[in-house]
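Here's the structure we're looking at; comments come further down.
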2 protein chains.
Amino acid sequence: MNDAVHKTSAEVDPASGGRIRQRNAALILSAAEKVFAASGFNGASMAEIAAAAGLPKANLHYYFGTKEALYRAVLTNIIELWLGETHGITPEADPAEALGAYVRAKMRWSRERPDASRVIANELIHGAAFLTPYLEDDLRRLVDEKSAVIEQWIEAGRIAKLDPRHLFFSLWAMTQTYADFDLQIRAVLGGGPLSDAEYEHATEQVVAFVLRGCGLTPRG
Amino acid sequence: MNDAVHKTSAEVDPASGGRIRQRNAALILSAAEKVFAASGFNGASMAEIAAAAGLPKANLHYYFGTKEALYRAVLTNIIELWLGETHGITPEADPAEALGAYVRAKMRWSRERPDASRVIANELIHGAAFLTPYLEDDLRRLVDEKSAVIEQWIEAGRIAKLDPRHLFFSLWAMTQTYADFDLQIRAVLGGGPLSDAEYEHATEQVVAFVLRGCGLTPRG
DNA sequence: AAAAAGTTTGACCGAACGGTCAACTTGTTT
DNA sequence: AAACAAGTTGACCGTTCGGTCAAACTTTTT
């Protein structure tokens, strides 16, 4: 009952509060992202997350209330990153440069935050109950905007004639596959985690493929 | 104890047995694929699968023993389809025709068996504990073979210079995204399930993008 | 330094789950 | 039609899980 005061403040703004609260909330969020990515929402247990965070289970409930609230907090943290990185796609920009930078940024994201990508992927495969508002509002608006830019490029003959929306689907798929289906890639390439050089090679392959697919050349 | 006779026969060869066994096993497998795709291994409950199959829960255990065994049976059923469709990629074939056919086949698979694709995707995102042998043996061997073919094409100047393995990663990602991340695509395109015409359009977009990306033209 | 607010923790609870079982019915064989 | 195998089913069991709580402890405020 009297605990409601704490819980409410945590739910409204998880980043607020004193040093201790902020530090522990971050600790829990980080552990939760890892465990949710590895096991999915249902497969992950609060006890497992607590162990990963090095805290007793009751502590997680103190900060986040319920498992679902913790999951939403993890997703909210990720979504901002997920929608970003399209700022280079403008009517004035050079198509090859802008698309190349976008692909590289996406590949970097898959490299540096694979767990974040996996959480999103998992959520999309299953109902995406919580993600739907973001998909239908923010993401759709973003794609509408950037598609208009690409259509201008097409009309100006600066890029091959294609459906911009399906181009985005392909770009997301090609880049995020290096995070989501990492295991498949490792198995085919024959072994452990990709080295920096291997990942750089992968990035350049995707960039080159995309630019050619858009009727562009890396140089010029 | 005496039930072990039934279970053993079911585990060794789920497709064997009398009419009733075959019919019910197929019913359960179909329901299980749907539920596993929608909820993942951990999220799916035997009771839910039983309800979807229209059978009492104990019945599933009679045919498949454990939840894990049922899951393995579902995966085994899918893997054969998943590895197929590369037969058109041969040294003598026309690259544009062969790759176009492969992409179209993959797109068709995403359209007709989205649940199967989602089960695989889910398994890959999480540890793929059960899939790993197939990845490291069958899939790797298949990719090695087909990569050699594509390298021949490259040396003969019939296709752009690229790393065949990463080409396959991109092809799988681009096509399976229409099954796995269907929700994202629907949200961006603004609404319900894709019509046949819309899906055909998507297929042609992907085919054109891939062929251009490989330095090929749809005609000639 | 006392009071208040914030934080920690082990023990506990009800619900849901995978799995078992024995009694029963249906199908098959001879 | 008798005997046996195959299939069905509701009730039940132990475990695990998300969540609660009260009591203790620590930090901040005054």
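Any value given below was found using the heavy atoms of this structure, including those in side chains, with hydrogens, waters and symmetry copies removed. Sequence lines set the chain letters: A, B, ... in the order given, protein chains first and strands last, and positions in each chain run from 1.
The distance from atom OH of B/Tyr63 to atom P of C/dT20 is 17 Å, rounded to the nearest whole Å. Between the P atom of D/dG19 and the NE2 atom of A/His61 lies a distance of 4 Å, rounded to the nearest Å. Nucleotide C/dG18 holds its P atom 14 Å from the OH atom of B/Tyr71, rounded to whole Å. Rounding to whole angstrom units, CG of residue A/Asn42 and P of C/dC17 are separated by 10 Å. Note: CZ (B/Phe64) to P (C/dT20) measures 16 Å, nearest angstrom. The nearest whole Å value for the distance from the CZ atom in A/Phe41 to the P atom in D/dC17 is 14 Å. Separating the NZ atom of B/Lys67 from the C1' atom of D/dT16 is a distance of 12 Å, rounded to the nearest angstrom. Going from atom CE of B/Met46 over to atom P of D/dT15 covers 20 Å, rounded to whole Å.
Distance check, rounded to the nearest 0.5 Å: CD1 of A/Ile79 to CG of A/Leu135 gives 8.0 Å. Note that CG of B/Leu162 and CZ of A/Arg212 are 5.5 Å apart. Values are rounded to the nearest 0.5 Å.
Using a 4.0 Å cut-off, no side-chain N or O of A/Arg21 falls inside it from OP1 or OP2 of C/dG6. Dashed line: the shortest gap from a side-chain N or O of B/Tyr62 to OP1 or OP2 of D/dT8 is not under 4.0 Å. Taking side-chain N and O atoms only, B/Arg19 has no distance below 4.0 Å to OP1 or OP2 of C/dG27.
Contact between A/Gly43 and A/Glu48 at its shortest, heavy atoms only, is O-OE1, 4.0 Å.
With DNA chain C read from its 5' end, the first of the two nearest nucleotides for B/Ile20 and B/Ser45 is the one closest to B/Ser45. Both A/Gly43 and B/Asn24 lie near DNA chain D, and the one whose nearest nucleotide falls closer to the 5' end is B/Asn24.
Ion pairing between B/Glu204 and B/Arg104 holds under the 4.0 Å rule for side-chain N and carboxylate O. Salt-bridge check for B/Asp144 with B/Arg141: failed, with every basic side-chain N at 4.0 Å or more from each acidic carboxylate O.
Of all the residues in residues 48-59 of chain A, A/Pro56, A/Ala58, A/Asn59 reach under 4.0 Å from DNA chain C with at least one non-hydrogen atom.
Between A/Thr86 and A/Tyr102 there is a side-chain heavy-atom pair separated by less than 4.5 Å. The shortest distance between side-chain heavy atoms of B/Glu85 and B/Lys106 does not fall below 4.5 Å.
Rounded to 10°, the angle separating the first-five-pair axis and the last-five-pair axis of the helix from C/dA1-D/dT30 to C/dT30-D/dA1 equals 20°.
Within the 3.5 Å criterion, the main-chain N or O of B/Asp163 finds a donor-acceptor partner in the side chain of A/Gln205.
For the side-chain contact (heavy atoms from CB on, under 4.5 Å) test with A/Phe64, the passing option among A/Leu70, A/Asn59, A/Ile49, A/Val74 is A/Leu70; the others fail.
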